[in-house]
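Structure first, then comments.
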Amino acid sequence: MKIVQFSVLRPIAMSMVILFLIILGSVSVKNMSIDLFPELTFPTAVVTATYDGASPTEVENLLAQPIEGAMGTIPNIEKVSSVSQNGGALVLVQFNWGTDMDFATLKMREQIDAVRDVLPDGVQTPKVLRFNPSDLPIMQLAITDTKGNIENAKEVAEKEVKAAVDRLDGIASTSIEGGPEREVQLIANPQKLLSYGITLKNLQEIIGSENIDLPGGNGEDHQETLPIRITGKFDSLNDLEMLPIPTKKGIVLLNDLVGIEQKAQRENGLSYLNGKDAVGLSILKQSGTNTVQVAKNIHNEIENLKEELPSNIQIQTIFDQSMFINQSISAVSSNMIVGSLLAAFVLFLFLRNFRSTMIISLAIPLSIMTTFIFMYFSNQTLNLLTLGGLALGVGMMVDNAIVILENIYRLRQEGEGKKDAAIKGTNQVGQAIIASTLTSVVVFLPIIFVDGLAAQLFKPLALVVSYSQFAALFTALIIVPLLSSLILKLKENEKKSVFDKFNNRYKALLSASLKHPKKTVGVVIVLFLLSFAGIPFIGTEFLPSQDQSYLSIEAELPPGSTVEKTYRKVKEINEKIRPVEEIANTYVTIGGSSSFSMGGRNSNNEANYSVLLTDIGNRSRTDLEIAEDIRQKLKTIPNADITVSSGTSGFSANPISLKISGPNLETLRSLSDQTINLISKVDGVREPKANYEEGNPEVSISINRNKAAQYGIGSASVAQTVSDATKGLVATKLSGNAGEELDVRLLVDEKYISSTEELENLTIQTQGGASIPLKAVSSISRDTGPSQITRSDRVREITVNADILNRDLGTITKDIEKTLKENLPLPNDQYKVTFGGQNEQMNDAFYKLSLALALAVVLVYMVMAAQFESFFHPFLIMFSVPLTFIGIILGLFITNEPLGVGSLVGILILTGIVVNNAIVLIDYLKQLREEGYDAKAAILLAGPTRLRPIMMTALTSVLGLLPLMFGIGEGTEIQRPMAIVIIFGLTVSTFITLIFIPTLYYMFEQRRIKKKEKTG
């Protein structure tokens, strides 16, 4: 190969190439973004539609069904589901993976325009929103005031902290939660207003029309044309108080009609940090920006801000994704370095030559730098999976270099000169190592055809492993012959080493195997069959949970509970979890609106905790164990549905998700209740919960249309009057002292609407100007409002979700299937129970990756057939692939690791590398046969000759992955299954390559000779 000759004969030029690669690699890694996972694009979008006052049944019929029908005609739709609840609908549209979501959302908007005319009057145009993981906060801050002044903390959060963060590069948006919103409240006595012949609506119109600045055209003054402006805006609270209001009793000042005060809004949301009032700030980054750099900029800005703010204002970090990213990247990088050092140690142990070890060890950093160049120009980010792929490739990076160096060293021992040995030794094994690299890389080609979440996660890993192998091949072909021709020296009077003794024992074992080939093959086949006995003891999972030092607690009280009642329950929870030593911070929000709130729905009966744990290194328990401890502590709290979650990767579904579908809602509820009762008894199932909601208690006002018509009052007038009294009316805005604008809200004094009895006496103005009580035209009662209705593919559905603990997903799923089959009778064929969640994701990923694995095996065979120009030799080598199953099952069983997506990707990688050692052995065996050696002599010469490079490559790969297998540090959970599969599978395949493959080759050769003798 010319590149080899160039590297040996032009050492200065080649050293410049190497320096160029190092410089370019350094620049590339510095400019790459750092994130937790690769950029993910979920093929999901939602349509939200609001229909104020409509019940879930009405929303289902009038909104959800027409929108579902319109969405169902769009190409590449996988599933359409909807949630209909009081006041609005949310339609979730899931597309096939790989769909262009920009085009898909455009088609969704076109379809909404098409059905706009069939939607009821009063329904605003539905909105289309895309789900994007980058829309989740990367950081949450809590702002508190040590003096207890939460209004001051809110003001600082809005004017100082939010403003400072918003102007930073890479920030998409920030949102504030908690803390009171200040406003000017005009509190009215409805009886007093009635006596003056004025209503809230009249006051709103008068106040709004007075607080204005309007242009008045142009005028001339002293031969100048000047614009005229009429100024009437309120400059102070006093202007508002002194506003004259015309009434039937004459002009009355506003201050005499209503009570005026500046105060906080009626609270419907609270937030606390470690039990103290706090204001939260959630920060979202722009898509494609560097999470770590953005977070670093935020921290720097906050530190600068702290120096300027009063000492009583404290800003604490509740959640910081960059912290886990940094810890995870650091852990994977450290494991990669440790793996490299272990590989170098193995090299020195075998070679007993510092110069030889240095030659090969230099191939690792150069290969890594070259890989970074490939990563940068293919727009990859530094994340857990790409760095994990690099860590997986570290041990394999020296394989090619070892084979080349060992062959060069052997030629030097035979008397070749430095340069001739370097060129000839590299060329002799050049084709073999190119084929080895191709087999290692070609296994990833089928992943191109795999879609879904698993593919989005592991395609970058596959790319990086491929890049690392090509980089290792290139650097091995230039750096090993170059340095070997310059610094490699033979050791004089080499002593017999431990390896020589091992080599002699191997030769004896190989000779014995050739004497009893059938027994040798039989023993391997028996081991292969016995390994199947371990399958029932190995569970299955989708993705391993990750300990991110973060828990979430959700507490839901009975519907209709007030914020104050929920807060009292929060105090009980705080007392229960206070003894948990691993908790660093707790941040809780109570009430407020949900993310896709429709029809004014709020969640005053819900409390959501963000629990930050101490670092993994500072605690002895995992987040799962701590979550279970908290779960048990909170079990005794009455009248609250409490859920504790942990170990989530942020993008996978619920571990257990049972979808119960059918036409009748009440039947579905009964079935879901039975399902919850049954699966809660299955070992490992935690917190089963249905997604339907109980009806909210409500006040029902039934209008008597005949009586209302006699007074000239319509239903809309009644509804407007009640709404104005309970919600209030924003009349205008008043400029505050600090420059902010405050709402001026008209409110009825709470004592006049605090009960149904008081509400009955609420006055309504007739068209004739008279006033009548509400009870004169309606009846008021306390009722239970309807719950939500969920549909999936146009069929009503209730989902039961649950978490799992201490057992694998596959085993628990089988137990649930068996339990439901035996104990849950379905009314008829219209009702079905199906598994979704992680089980659905797992089965889909297993199926697609299994097909990819089968295709990878075919591609590996094709590469080897092209290299050997033979069907027989590749067929022989391929026996090493299925027999690695022995090591895989053994490894998963010993480490108690379930078979998951990570394990399957590990098997895919293993398929490409297990054949490499056999290629090196068979390639040399083929050369010896062509030189005239008989089969047995060729085997007994080729085996011991290739033993050292085979053992060295296997051990460097295995030891390079050991840190990942032991899962040292944060974020290594996702790489651990891959490392286990490769380590144990490669160890067994090495034995198969050294003993089984030569023996099998010998048996085929003997059979071929006998057949030839018979026919000859």
Side-chain angles (χ1 to χ4, degrees), residues 367 371 374 388-400 402-403 431-450 458-474 476 849-868 873-885 887-888 901-923 950 953-954 956-958 960-961 975 977-990 992-993 997:
S367 299
T371 305
F374 289 139
L390 201 53
L392 289 171
V394 160
M396 297 182 282
M397 281 178 181
V398 295
D399 290 359
N400 294 330
I402 288 171
V403 174
Q431 286 189 342
I433 64 171
I434 290 172
S436 302
T437 303
L438 286 176
T439 57
S440 299
V441 171
V442 78
V443 293
F444 295 117
L445 191 61
I447 288 189
I448 295 172
F449 305 106
V450 178
F458 289 100
K459 274 180 183 176
L461 180 141
L463 272 176
V464 172
V465 174
S466 301
Y467 292 157
S468 69
Q469 294 308 295
F470 280 126
L473 174 63
F474 177 70
L849 285 174
S850 297
L851 293 179
L853 183 60
L855 182 56
V857 170
V858 174
L859 292 175
V860 168
Y861 176 82
M862 292 170 66
V863 169
M864 291 191 297
Q867 182 215 353
F868 285 104
H873 293 104
F875 174 74
L876 189 68
I877 293 171
M878 289 304 293
F879 275 96
S880 61
V881 174
L883 293 180
T884 55
F885 188 74
I888 294 167
V901 172
S903 308
L904 284 177
V905 173
I907 294 172
L908 197 66
I909 297 171
L910 190 61
T911 303
I913 63 176
V914 294
V915 297
N916 291 346
N917 291 333
I919 288 174
V920 172
L921 178 61
I922 296 298
D923 182 66
I950 288 174
T953 55
T956 51
S957 298
V958 166
L961 291 172
Q975 291 101 5
M978 291 184 280
I980 290 170
V981 164
I982 295 173
I983 285 173
F984 283 89
L986 186 58
T987 302
V988 171
S989 79
T990 302
I992 291 169
T993 300
I997 297 297

Open item on the list: V863 and side chain to side chain contact (heavy atoms under 4.5 Å, CB included): which single residue from L438, I434, V441 fits?
Closed with: L438

Open item on the list: Restricting to side chain to side chain donor-acceptor pair (under 3.5 Å), what partner residues turn up for T371, sequence neighbours left out?
Closed with: none

Task: S367: side chain to side chain donor-acceptor pair (under 3.5 Å) partners, not counting sequence neighbours - done: T475

Open item on the list: Quick one, M978 and L461 - any side-chain contact, counting heavy atoms below 4.5 Å?
Closed with: yes

Task: Side-chain heavy-atom pair L883, V988 within 4.5 angstrom cut-off - done: no

Where [X] and [Y] come nearest, the two heavy atoms and their spacing:
X    : Y    : result
L961 : A979 : O-CB, 3.9 Å
I919 : S436 : CG2-OG, 4.1 Å
T911 : V914 : O-CG2, 3.8 Å
V915 : S880 : CG1-OG, 4.0 Å
T439 : V442 : O-CG1, 3.7 Å
G985 : L910 : CA-CD2, 3.6 Å

- [ ] Given side-chain contact (heavy atoms from CB on, under 4.5 Å), test I913 with T953 step by step and report yes or no.
- [x] CA-CA 10 Å; I913 63 176; T953 55; over 6 Å; no

Could you grab the distance from atom [atom1] of [X] to atom [atom2] of [Y], nearest 0.5 Å is fine?
X    : Y    : atom1 : atom2 : result
N916 : L921 : CG    : CG    : 12.5 Å
L390 : Q975 : CG    : CD    : 11.0 Å
S440 : I433 : OG    : CD1   : 11.5 Å
D923 : Q431 : CG    : CD    : 7.5 Å
T884 : I907 : OG1   : CD1   : 7.5 Å
L908 : S850 : CG    : OG    : 10.0 Å

Task: Contacts of type side chain to side chain contact (heavy atoms under 4.5 Å, CB included), residue L445, not counting sequence neighbours - done: I448, L859

Task: Polar side chain donor-acceptor pair, N400 to T437, under 3.5 angstrom - done: yes

Task: Chi angles and distances behind the side-chain contact (heavy atoms from CB on, under 4.5 Å) call for Q469, F444 - done: CA-CA 12 Å; Q469 294 308 295; F444 295 117; over 6 Å; no

TODO: I would like to know whether L463 and K459 meet side-chain contact (heavy atoms from CB on, under 4.5 Å); could you show each step before the answer?
DONE: CA-CA 6 Å; L463 272 176; K459 274 180 183 176; 5.8 Å; no

TODO: Applying side-chain contact (heavy atoms from CB on, under 4.5 Å), run through I980 and S903 and close with a yes or a no.
DONE: CA-CA 8 Å; I980 290 170; S903 308; over 6 Å; no

